[in-house]
J.: 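The structure under discussion is supplied below as structure tokens; questions concerning it will follow.
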Amino acid sequence: MVVSVFVMYASLCCMLVAITEEAVSARPFIKASDVVFMYPAEGPSQYDAYSGTVVGWAGRPRTRNTQEVEAFRRRVEEAHKRGMRYCASDDFLVDFRGFIDFRPDNFMDATCRDLDDNPIRVPWLWDHEYKGHPAYWWCTNNPDYQAYLRDQAERGCMAPIDGLHIDDYSGTSACSAYNGGCFCRYCMEGFREYLSQQFSPAWLREMGIEKIDEFDYRKFLKSKDITAEQFKKARHECPLGDVFQDFQNSRMKRMVQEIFEYAEQLRGKPLLRSVNSSASSPRALLPAPLIDFFCGEVPHHAENAQPPIEPVFVFRLVEALRRRQTATAAGHDWAWIKAHEKPGLVRNWIAQAYAFGSVFMVPHRQWCYNAEFGTHWWHGKPEDFAYIYRFVREHSPLLDGYVHFVHQRLRLMVSLANTALIYTNANFAEIRDAALKLTEANIPYAIIVADEELSMCLTAEAIELYEYIIVGPKPLPDEQEELLKNSEAQVVQWENLSGLPDVINKSLIVEGSDRIRTSIRYNPDDSSAPIVCHLLNQNYELEKDEVYPVDVRVTLNRDLLDKATGNSKIRTVVIHSPRRALIELPVMNTDDTISFEIKDLGLWTIVELRNS
């Protein structure tokens, strides 16, 4: 019988409805109108050109040398002079040079090891070496390497930083997930301890472990003729493979938390916490309860040469987790942009992130990666992008505080959608597919996270806000299934759009183009704030590297808006677009709908719906 401390704790968190809005708001956070630089600017004037507010992934002094420390402090102070927040970074994986210098006599002892005890390298750093050594994958369970992670945090805190970013936070848990490790001494000792704490003697015997005190997972697999290649390619098929991954995940979360708390202790205040991740897989969500925002690569499929819809799910899911994504594209995306020089496509990426409540980091210096060139770089030009970021800052009152439909304020919960998707890690693929199909069809929806591993679960109060609940094929825990059964909502298992009730498709209609995406948002903390409707024109022409303008008519069902407007009528709409003058337009009202028309819709428009 499994005695899992984590599951017991997560269940308790669900009972208490953990991660409340109040708890989140007590920590520092990224605003919807923040302009985030991924890396430090090449010069302070670059911050001014883009109206920067945050540096999200800004390194640390390379050593404790006085000159390097002072140079780092000056970079932080230059940002502070502009009212910006500055986040240092701690590299869990890629600073292989630094650790070689940190432990010059025994650094090889901290390498991740495969089943044959061979040191493992970082695959995407195949073109890097230092002092005759390749880029080794260091084990984050090794005490010496953990000391180096703390040393990085100490160097970052030698300046008055405002946050800490952890790059490659997964460390050894990523190595075990897909790269064949780690079977070093410390991982074997840690796994033995984990098994003895998590499982009963009877269960261990059933798994073939007679003497837990003598158990060695590497020898155990070898005795069953498992090869290093088998473990690397199909760990989940190996004996105890998934349990080993659970162990590595738990150690990863513990190390991430320790580094954040250590840095906050050094600085004497809460720091903005982020990791290089996004809501792109269940595994990527593991650190969500430990961070304030996700900061990292989100694949944008540049090779398709069209604005992608896939990032929208990332933005919607992180918001359901009451977090925000500060996004950049993936290395292969930037390699494609560099090869084809298409800044207009990048402008689509920027607009889409902000329209759906997240942030796209300033593309001033982008890491590119492909098999041909390995690591290389692309430098975006301010004349191509700065005006969009200035538009964001100028329209912060229509961005900050706005949410997608769901908000918990004291005991009052409000939703402007009549449809909700129930997200669980087990149903990731199906709920992702549903969210993207609904987004393409401009059907408003909410996402409710109901997963113990994320310390969030379903409540009766959340369900009663919706007429329709969409679920995946894998069942929820019994008590949550019972909540759905007892609710008045119509529960639909996702298959495709045609399987949904017709009424769901009629709450928001866009005429004039099928390449327009909408994002309805409202500010629940300000009763006088207007509802806003973001319109994204994704009619992108590759040769011209821009979208072509279209005329559109937007019709919204009045039921969609009444909860936020108090049943008062929308009387005018105000059109805000980059590099265009503000336009006020009339609204056409019927008993059931409101509608408005926009001529020559460009890349991105924020429509302000006013009831006065």
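Hydrogens, waters and symmetry mates play no part in the numbers below; they use all other heavy atoms, side chains included.
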J.: When the ring planes of His165 and Trp57 are compared, do they come out parallel, tilted or perpendicular, using 30° and 60° as the limits?
T.: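 Taking Trp57 first and then His165, their aromatic rings sit tilted (interplane angle of 30° to 60°).
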
J.: Determine the interplanar angle of the Trp334 and Trp349 rings, folded into 0 to 90°, and report it as parallel if under 30°, tilted if 30 to 60°, perpendicular if over 60°.
T.: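 Because their plane-to-plane angle is over 60°, the rings of Trp334 and Trp349 count as perpendicular.
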
J.: Distance only, no hydrogens: is a donor on one side chain within 3.5 Å (strictly under) of an acceptor on the other, for Gln198 and Asp246?
T.: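 On atom types as modelled, these side chains do not qualify, holding no pair under 3.5 Å.
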
J.: Parallel, tilted or perpendicular: which fits the ring planes of Tyr217 and Phe220, with parallel below 30° and perpendicular above 60°?
T.: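 Tyr217 and Phe220: parallel rings.
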
J.: Have Ser173 and Arg283 got a donor and an acceptor in their side chains that come within less than 3.5 Å?
T.: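 Note: Ser173 and Arg283 side chains meet the donor-acceptor criterion.
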
J.: Is the closest basic N to carboxylate O distance between Asp117 and Arg218 below 4.0 Å?
T.: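 Not counted as a salt bridge, because no side-chain N and carboxylate O are separated by less than 4.0 Å.
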
J.: Strictly below 4.0 Å, N to O, side chains only: are Glu68 and Arg60 in salt-bridge contact?
T.: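 Looking at Arg60 together with Glu68, the answer is no, because their closest N to O distance does not fall below 4.0 Å.
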
J.: Is it true that the NZ or CZ of Arg365 lies under 6.0 Å from the centre of Trp377's six-membered ring and within 45 degrees of the ring axis?
T.: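 Output yes; distance and angle both within limits.
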
J.: Kindly assign one of parallel, tilted or perpendicular to the pair Phe244 and Phe183, based on the angle between their ring planes and the thresholds 30° and 60°.
T.: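 The rings of Phe244 and Phe183 lie parallel, inter-plane angle below 30°.
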
J.: Can you say whether the rings of Tyr194 and Phe191 are parallel (under 30°), tilted (30 to 60°) or perpendicular (over 60°)?
T.: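 It falls in the parallel class, under 30°.
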
J.: Are any of the side-chain nitrogens in Asp144 or Arg103 under 4.0 Å away from the carboxylate oxygens of its partner?
T.: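 Salt bridge present between Asp144 and Arg103.
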
J.: Taking it one step at a time, do Glu319 and Ser358 satisfy side chain to side chain contact (heavy atoms under 4.5 Å, CB included)?
T.: CA-CA 8 Å; Glu319 189 168 52; Ser358 278; over 6 Å; no

J.: Please round to the nearest 0.5 Å and tell me the distance separating atom CG of Asn496 and atom CG of Asp433.
T.: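 The CG atom of Asp433 is 9.0 Å from CG of Asn496, to the nearest 0.5 Å.
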
J.: Taking atom types as modelled, find out whether Trp367 and Thr375 have a side-chain donor-acceptor pair closer than 3.5 angstrom.
T.: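 Checked: Trp367/Thr375 side chains pair up, N/O donor to acceptor below 3.5 Å.
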
J.: Could you tell me whether the side chains of Glu193 and Ser196 share a donor-acceptor contact shorter than 3.5 Å?
T.: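 The answer is no; no qualifying pair exists.
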
